[in-house]
Amino acid sequence: MGKSRNGIAALGDKIKLPGVEQFDFVIIGAGTAGCVLAERLSASGRDRVLVLEAGGSDARFWIKTPIGYGYTFADPSVNWKYKTLASPGLQSRTMYWPRGRVIGGSSSINALVYCRGMPADFEDWRGLGNAGWGWQDVRPYFERTERRVDASGRAVQGRPGAALRSAVLHGPADPPLDVKDVTPFLHPMRTQWLEAAAELGLPVTDDFNGDHPEGFGCYQLTVRDGRRWSAADAFLRPALRRRNVKLETQAWVRRLRCEGRRVLGVEYFRGDEPRYAGAQREVIVCAGAVNSPQLLQLSGIGPARILSAHGIEPVLDNPAVGGNLQDHLAVVYSFKATRPTLNDELNSMPRRLIAGLRYLLARRGPMALSVNQFGGFVRAAPNATRPDMQLYFNPVTYAAGDATRTRIQLDAFSGFYLCFQPTRPTSSGRIDIASSDFRQAPDIAPNYLSTDKDLLDVVHGGRLMQTIARTRAMRSLIREPIEPDLLKMRDDELLADFRARAATVYHPVSTCRMGKAIGESVVDSALRVHGLERLRVVDASVFPTVTSANTNAPTLMVAQKAADLIMNP
Ligand SMILES: Cc1cc2nc3c(=O)[nH]c(=O)nc-3n(C[C@H](O)[C@H](O)[C@H](O)COP(=O)(O)OP(=O)(O)OC[C@H]3O[C@@H](n4cnc5c(N)ncnc54)[C@H](O)[C@@H]3O)c2cc1C
């Protein structure tokens, strides 16, 4: 066999030779899910685990510093920096989609907000035919993940379910992922935010991850000692102390290698050097909602039409690979404020220096926090039976509402923004390979805002924001609105404005979704790829539907449960 353009054909000969490195498990992607699996699957010390990550080290100041989100957001050395195709529902706009390409994956570049989602989300999952994924089934996996930490940095005892955690799952007495209550450190405007809820008779909650997550409240963050506490910090680093775990960075997986429908291992590149690793038990694809379907399609698992268009020999025809893409959209309404906000603390060099010193000396101040500080989960539609809007109040404004923005630049005046995000959109799109070359980004077609229900959600969300902005508490903070003025918009204008300015909240899911059958889904309820042997997908791509809140926590949960499914089938 001759050497192909990228050397893989020659590699195909080599893999049959003795001496190819064999592992029990090969994990593709050291992101949120991959880090959890590396830890759990290696815990016995018996199984050899290889983790392949396309990106490099996460030992970077702006990754570890929570506010550094604004820098990693567009940094090509840690970010895939995807761009979507045009969405007709959004005035044919394309959108910038950051995704982590670094140890820790998107958990190393995200906004650190930790929210499980609503219990009803998981009842939906089970209702779609996924036995074992209802709220009571998945709740223990959240609990074995979260080390609840109070504002002083102490682990909180007696949180609901702690007993359940140890009794049912034999989870660690001290779970690895710090989920911290940062309420006392948040901007003082949180007082007015909670007062607005009281004025409107809306609920307030002190724990978005408790038994009653509905209401206005403050976000909990994945931080420890003022530093980001990513999935890599919580799971991968402890795993790497074990001799049976090997991590390769800058290892870009090109495709899976199959014999018939049995997966044998993976072909990958380090720089220009082709390599192969064998998996004697399983290959687990944890490449995230964009790259997991891409990798399956490159490996011949996907819609036959797409595969043949790119000259890829089909292993299994399944149109659901890359389908069912869901994402959250949000729009921000910006206001000039009557009092100082984070803009004032961070928008000049001397002030940044002061904030920097405070951070370096005490790990305190705005640099130790996310820009997403408080918000809520509320019902906007008159007939809503559960929260249908997620809200954000951010005491900061920057290049407001530009969905194509790739840099975050704070405004020069005191400002804050209000934001809403419909929690359960029904529009769905696709991600498909654009080429048989693994280095070429796939086509991302989110197809945002393409159902009547989603359009109605926008109007309900906009009206709710108007009601909130009209409260006495909010009026005391507003010096003047920044155009477009939320309070002047009629329903049709709310919708037109949303189409013009809404942006992703970076929560793509479901492109390899879990379900009963080939055609409508990609993996079964044990996350095994339908029709293939020794192959699972474990990451945000398997969500049957998008959850009501941020997606990092449920991805961690999915990986925790997957580890049990793999180890105790
Ligand atoms: C800017 C941003 C802000 C966000 N903010 C929040 C937030 O505040 N709270 C929240 O809950 N969620 C947030 N999210 C979403 C959340 O972080 C993700 O849903 C979650 O991290 C997804 O985990 P994953 O394991 O599916 O994928 P990822 O964590 O993205 O991991 C996939 C990994 O696979 C690697 N990979 C991909 N392809 C290959 C290949 N071919 N070969 C080798 N390696 C490969 C990638 O480099 C990456 O490291 C945010 C996301 C972004 C991008």
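Indexing begins at 1, ligand by ligand and atom by atom, following the structure's order. Just so we're clear, the structure is a prediction, and the values are computed from it rather than from any experiment.
Here the shortest heavy-atom distance to atom 32 (C) of ligand 1, taken over Ala287, Gly105, Gly29, belongs to Ala287. Around atom 38 (N) of ligand 1, the closest heavy atom drawn from Val542, Asn291, Val78, Asn550 belongs to Asn291. When the heavy atoms of Asn79, Val253, Val113 are ranked by distance to atom 9 (N) of ligand 1, first place goes to Val113. Comparing Trp252, Trp80, Tyr96 against atom 36 (N) of ligand 1, the shortest heavy-atom distance belongs to Trp80. Among Ala33, Gly100, Ala54, the residue whose heavy atom lies nearest to atom 45 (C) of ligand 1 is Ala54. Proximity annotation for atom 33 (C) of ligand 1: of Cys286, Ala549, Gly34, Cys286 comes nearest, heavy atoms only.
For ligand 1, the polar-atom distance check against Asn552 finds a nitrogen or oxygen pair separated by under 3.5 Å. At least one N or O atom of Ala111 sits closer than 3.5 Å to an N or O atom of ligand 1. Checking only distances, Pro98 never comes within under 3.5 Å of ligand 1, N or O to N or O. Close N/O approach between Asp539 and ligand 1 is not found [any backbone or side-chain N/O within under 3.5 Å]. Between Leu112 and ligand 1, at least one pair of N/O atoms sits closer than 3.5 Å. Residue-to-ligand polar distances keep Arg101 apart from ligand 1: every N/O pair is separated by 3.5 Å or more. Ligand 1 has a nitrogen or oxygen under 3.5 angstrom from a nitrogen or oxygen of Asn110.
Of the protein's heavy atoms, Gly31 CA, 3.2 Å lies nearest to atom 31 (O) of ligand 1. The protein non-hydrogen atom at the shortest distance from atom 47 (O) of ligand 1 is Glu53 OE2, 2.6 Å. In this structure, atom 19 (O) of ligand 1 lies nearest to the protein heavy atom Thr551 OG1, 2.7 Å. Nearest protein heavy-atom neighbour of atom 28 (P) of ligand 1: Ser106 N, 3.6 Å. With hydrogens left out, the protein atom closest to atom 27 (O) of ligand 1 is Gly288 CA, 3.6 Å, a heavy atom. The protein heavy-atom contact nearest to atom 52 (C) of ligand 1 is Tyr506 CB, 3.4 Å.
With ligand atoms numbered from 1 in the order given, ligand 1 contributes 23 (O), 24 (P), 25 (O), 26 (O) to contacts under 4.0 Å with heavy atoms of Thr555. Close approach to Ala540 involves these atoms of ligand 1, each under 4.0 Å from a residue heavy atom: 26 (O). Interface of Thr32 with ligand 1, defined as ligand atoms under 4.0 Å from a residue heavy atom, comprises 20 (C), 21 (O), 23 (O), 25 (O), 29 (O). Under a 4.0 Å criterion applied to the non-hydrogen atoms of Leu52, ligand 1 contributes the atoms 43 (C), 44 (N). Contact atoms of ligand 1 toward Arg99: 18 (C), 53 (C) (distance under 4.0 Å to a heavy atom of the residue). Near Ala251, the atoms of ligand 1 lying under 4.0 angstrom from a non-hydrogen atom of the residue are 42 (N), 43 (C). Ligand-side atoms of ligand 1 in range of Val102: 49 (O), range being under 4.0 angstrom from any heavy atom. Interface atoms of ligand 1 facing Tyr69, defined by a heavy-atom separation under 4.0 Å, are 1 (C), 3 (C).
Centroid-to-centroid, the aromatic rings of Trp193 and Phe393 come within less than 6.0 Å. For Phe377 and Phe216, the gap between ring centers reaches or exceeds 6.0 Å. Aromatic pair Phe543/Trp125: centroids less than 6.0 angstrom apart. Ring centroids of Phe374 and Tyr392 are separated by 6.0 Å or more, keeping the two rings apart.
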Note to self: Run the side-chain contact (heavy atoms from CB on, under 4.5 Å) test on Phe438 and Glu267 for me, step by step, so that the C-alpha distance in whole Å, both residues' side-chain angles and the decisive distance to 0.1 Å come before the verdict.
What the structure shows: CA-CA 11 Å; Phe438 71 105; Glu267 298 172 2; over 6 Å; no

Checklist line | Chi angles and distances behind the side chain to side chain donor-acceptor pair (under 3.5 Å) call for Asp207, Thr205 | finding: CA-CA 5 Å; Asp207 186 0; Thr205 176; over 6 Å; no

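The aromatic rings of Tyr71 and Trp62 sit parallel, their planes meeting at an angle under 30°, below the 60° perpendicular limit. Using the six-membered ring where Trp is involved, Phe73 and Tyr69 have ring planes that are perpendicular, over 60° apart on the 30 and 60° scheme.
Annotation for Thr72 and Asn79: closest pair O-ND2, 3.0 Å, computed over non-hydrogen atoms. Closest non-hydrogen pair, Leu369 versus Phe185, comes out as CD1-O, 3.3 Å. The shortest non-hydrogen separation linking Tyr506 to Thr504 is N-OG1, 2.7 Å. Between Gln421 and Ala330, the shortest heavy-atom distance links the atoms CB-CB, 3.9 Å. For the residue pair Ser42 and Ala239, the shortest heavy atom distance occurs at OG-CB, 4.0 Å.
Neither side chain, Arg424 nor Gln326, offers a donor N or O lying under 3.5 Å from an acceptor on the other.
Thr72 does not count as a contact of ligand 1, since none of its heavy atoms falls under 4.0 Å from the ligand.
Ion pairing between a basic and an acidic side chain is recognised when a charged N comes within 4.0 Å of a carboxylate O; Glu282 and Arg534 show no such pairing.
Just one of Asp233, Asp181, Asp178 meets the salt bridge (charged side-chain N to carboxylate O under 4.0 Å, His left out) condition when paired with Arg147; it is Asp178.
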